[in-house]
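Below: one structure in structure tokens.
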Amino acid sequence: MDTKTAQELALPVGVTLDRFIMHSQSAFPYATGELSQLLRDIALAGKIINREINRAGLVDIAGGNGTENVQGENQQKLDIVANIRFIRALKNGGEVCAILSEEDEDIIHTGNNHGKYVVAMDPLDGSSNIDVNVSIGTIFSIYRRVTPINGPASIDDFLQGGRKQVAAGYILYGSSTMLVYSTGDGVNGFTFDHSLGEFILSHKNICSPAKGSIYSVNEGHFHSYPAFVQNYIGQCKVKNLSARYIGSLVGDFHRNLLKGGIYLYPSTKKDPKGKLRLLYECYPLAFIIEQSGGKASDGFGCILDIIPTSFHQRSPVYIGSIEMVDAVVKA
Ligand code: AHG
Ligand code: MN
Ligand code: MN
């Protein structure tokens with residue numbers, strides 16, 4: 001008979017996100033717990049959105065809504081639902097004085113003027129993949145406000161630059177739901193256990209492999225890319241690398257972060273600044289990749305060094321394993 005020890009019969013559940021956040025906070029004796037609470041609020045919003053996404057095929061929540069967002073892109077119903085869920089969770093949480101969302105032109109004042117933080121977010125990324133059951137995500141970026149506490153937040157709070165992020169991360173709604181974040185002290189990943197309703201630490205101290213064998217780019221636009229990108233894609237083929245492109249930034253980024261690879265969204269003739277948004281797509285993922293040992297470039301310099309000028313500005317992005325990003329900018 002296959003006899004197990006008592007320990008083997010009841011393996012520990014692992015470290016919950018709440019416990020991890022509490023433990024990390026205790027390393028900073030002067031921490032007030034507000035950032036910890038904000039991270040918990042984001043996790044709660046992620047759980048609620050996860051529930052909505054899981055039911056998408058059953059209730060009338062999938063599909064387009066017949067409206068356009070501030071970027072002139074078609075909104076999916078779930079884009080709107082995720083936006084509302086996030087804004088509500090952050091308003092109720094009380095730590096955030098203002099929010100910038102992909103779905104809204106201007107910043108949203110939460111009414112919590114005592115809040116020390118602002119959040120920029122893409123509530124649902126890859127929304128064209130919703131109806132076909134492919135991975136989608138949420139991306140968030142957190143700054144400590146620079147405007148005085150107890151007054152209203154302003155544009156200055158959001159245009160501090162990527163290096164001023166105090167935390168950033170994403171939630172991936174995939175074959176399992178994961179929260180990956182960093183507060184500037186490495187990157188950790190938590191997998192959602194549906195039965196417990198908890199995120200459990202599953203990927204401790206994630207390190208981006210220095211090189212990889214995957215390149216992720218929409219090759220349909222190849223002829224519209226700058227010459228150095230075309231050269232790099234040519235080099236990938238010569239080296240027999242694998243092309244993997246979901247069309248969900250979070251999913252493509254996450255795979256490459258764990259396995260080693262590069263994600264490219266270059267400028268095109270139609271979109272000379274690329275497609276992805278600096279404040280709530282490029283900056284947070286650049287923060288994560290640098291914290292894990294990888295790199296993010298716009299083809300000229302580090303994404304995190306770009307000086308922002310407007311809420312919804314775009315940037316080309318080359319992000320992932322450090323040697324691959326170095327190779328693309330030299331190609
Ligand atoms: P969003 O759904 O928030 O508008 O972002 C979609 C983004 C990103 O997730 C993805 O990698 C990229 O658009 C795909 O663009 P293409 O279809 O042009 O390849
Ligand atoms: Mn997006
Ligand atoms: Mn989006």
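For ligands, and for the atoms within them, numbers begin at 1 and follow the listed sequence.
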Minimum heavy-atom separation for R145 to N113, with atom names?
->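 In this case the closest contact between R145 and N113 is NH1-O, 2.7 Å.
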
Would you mind telling me if ligand 1 is within reach of the side chain of S248, the backbone, both or neither, using heavy atoms under 4.0 Å?
->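 The backbone, only.
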
Proximal ligand 1 atoms for E102, defined as those under 4.0 Å from one of its heavy atoms |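 Near E102, the atoms of ligand 1 are 1 (P), 3 (O), 4 (O).
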
Can you list the atoms of ligand 1 that are under 4.0 Å from a heavy atom of L249?
->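 Answer, ordered by atom number: 8 (C), 9 (O), 10 (C), 11 (O).
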
Is L276 close to ligand 1, meaning an N/O of one under 3.5 Å from an N/O of the other?
->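 Min N/O separation from ligand 1 is not below 3.5 Å for L276.
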
What atoms in ligand 1 come closer than 4.0 Å to a heavy atom of E281?
->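 Ligand 1 atoms under the 4.0 Å threshold to E281: 3 (O), 5 (O).
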
In terms of atom number and element, which parts of ligand 1 are under 4.0 angstrom from non-hydrogen atoms of S127?
->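 Numbered from 1, ligand 1 contributes 2 (O).
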
Side-chain donor/acceptor of N112 to backbone N/O of G115, under 3.5 Å =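 Not a single qualifying donor-acceptor pair exists.
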
Could you pull out the atom name of the N/O/S atom in E281 that is nearest the Mn ion (ligand 2)?
->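 Going by distance to the Mn ion (ligand 2), the closest N, O or S atom in E281 is OE2.
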
Proximity to ligand 1 by part of Y263, non-hydrogen separation under 4.0 Å |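 Within the 4.0 Å criterion, Y263 contacts ligand 1 through side-chain atoms alone.
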
Say whether N92 and D41, considering side chains only, have a donor N or O and an acceptor N or O under 3.5 Å apart.
->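 There is no such pair (donor and acceptor under 3.5 Å, judged by atom type) between the side chains of N92 and D41.
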
How far is atom 2 (O) of ligand 1 from its nearest protein heavy atom, and which residue and atom is that?
->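 Going atom by atom, the protein heavy atom closest to atom 2 (O) of ligand 1 ends up being G126 N, 2.8 Å.
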
Would you check if the Mn ion (ligand 3) lies under 2.8 Å from any N, O or S atom of D122?
->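 It does; at least one qualifying atom falls short of 2.8 Å.
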
F190 ring center within less than 6.0 Å of F20 ring center =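 Judged by ring-centre distance (under 6.0 Å), F20 and F190 do meet the cut-off.
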
For L124, take its heavy atoms, then give the atoms of ligand 1 lying under 4.0 Å from any of them.
->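 Taking each heavy atom of L124 in turn, ligand 1 has 3 (O) under 4.0 Å.
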
State whether P123 contributes an N/O/S atom found under 2.8 Å from the Mn ion (ligand 3).
->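 It does not; every qualifying atom lies at 2.8 Å or beyond.
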
Can you pull out the closest protein heavy atom to atom 19 (O) of ligand 1? Residue, atom name and distance to 0.1 Å, please.
->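 Atom 19 (O) of ligand 1 sits closest to the protein heavy atom Y245 OH, 2.5 Å.
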
Are any N, O or S atoms from E102 nearer to the Mn ion (ligand 2) than 2.8 Å?
->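 No.
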
Y265 N/O under 3.5 Å from ligand 1 N/O |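 Looking only at distances, the answer is yes, because the N/O contact criterion of under 3.5 Å is met.
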
Same apolar cluster: F253 and I206, side chain cutoff 4.5 Å |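 Hydrophobic grouping puts F253 with I206.
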
May I ask you to check whether over 12 heavy atoms, not counting those of D185, lie within 6.0 Å of atom CG?
->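 For D185, atom CG is not crowded (no more than 12 foreign heavy atoms under 6.0 Å).
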
Ignoring hydrogens and angles, state whether a donor on the side chain of T16 or E198 is under 3.5 Å from an acceptor on the partner side chain.
->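 No donor-acceptor contact under 3.5 Å links the two side chains.
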
Do I171 and L100 belong together in a cluster built from hydrophobic side chains that touch within less than 4.5 Å?
->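 Not linked; separate clusters.
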
From the candidates N129, N74, T138, D125, the one that places a heavy atom nearest atom 5 (O) of ligand 1 |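 Heavy atom nearest to atom 5 (O) of ligand 1 belongs to D125.
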
Taking atom types as modelled, find out whether E68 and Q75 have a side-chain donor-acceptor pair closer than 3.5 angstrom.
->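 There is no such pair between these side chains.
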
How does R277 reach ligand 1, by side chain, by backbone, by both or by neither, if only non-hydrogen atoms under 4.0 Å count?
->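 Looking at R277 and ligand 1, just side chain atoms fall under 4.0 Å.
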
Closest to the Mn ion (ligand 2), which N/O/S atom of D125 is it?
->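 The Mn ion (ligand 2) is closest to the D125 atom OD1, counting only N, O or S.
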
Linking I/L/V/M/F/W/Y whenever any side-chain heavy atoms sit under 4.5 Å apart, do L44 and L38 land together?
->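 They do not share one cluster, since no chain of ILVMFWY contacts under 4.5 Å joins L44 to L38.
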
Just checking, is any N or O donor in the side chain of N83 or S101 under 3.5 Å from an acceptor N or O on the other one?
->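 On atom types as modelled, these side chains qualify, holding a pair under 3.5 Å.
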
Heavy-atom distances under 4.0 Å are what count here, so tell me which part of D122 touches ligand 1: side chain, backbone, both or neither.
->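 Side chain only; the backbone of D122 stays clear of ligand 1.
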
Which residue holds the protein heavy atom closest to atom 10 (C) of ligand 1, what is that atom called, and what is the gap in Å?
->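 Among all protein heavy atoms, the one nearest atom 10 (C) of ligand 1 is G247 O, 3.2 Å.
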
I would like to know whether H203 and L258 meet side-chain contact (heavy atoms from CB on, under 4.5 Å); could you show each step before the answer?
-> CA-CA 9 Å; H203 296 64; L258 297 186; 4.1 Å; yes

Going through the distances and angles, do E95 and K116 end up as a salt bridge (Lys or Arg N to Asp or Glu O under 4.0 Å)?
-> CA-CA 6 Å; E95 315 300 345; K116 286 188 189 149; over 6 Å; no

Does I246 have a non-hydrogen atom less than 4.0 Å from ligand 1?
->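 Not so, I246 does not reach ligand 1.
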
What is the nearest protein non-hydrogen atom to atom 13 (O) of ligand 1, stated with its residue, atom name and distance?
->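 Sorting protein heavy atoms by distance from atom 13 (O) of ligand 1 puts K275 NZ, 2.9 Å first.
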
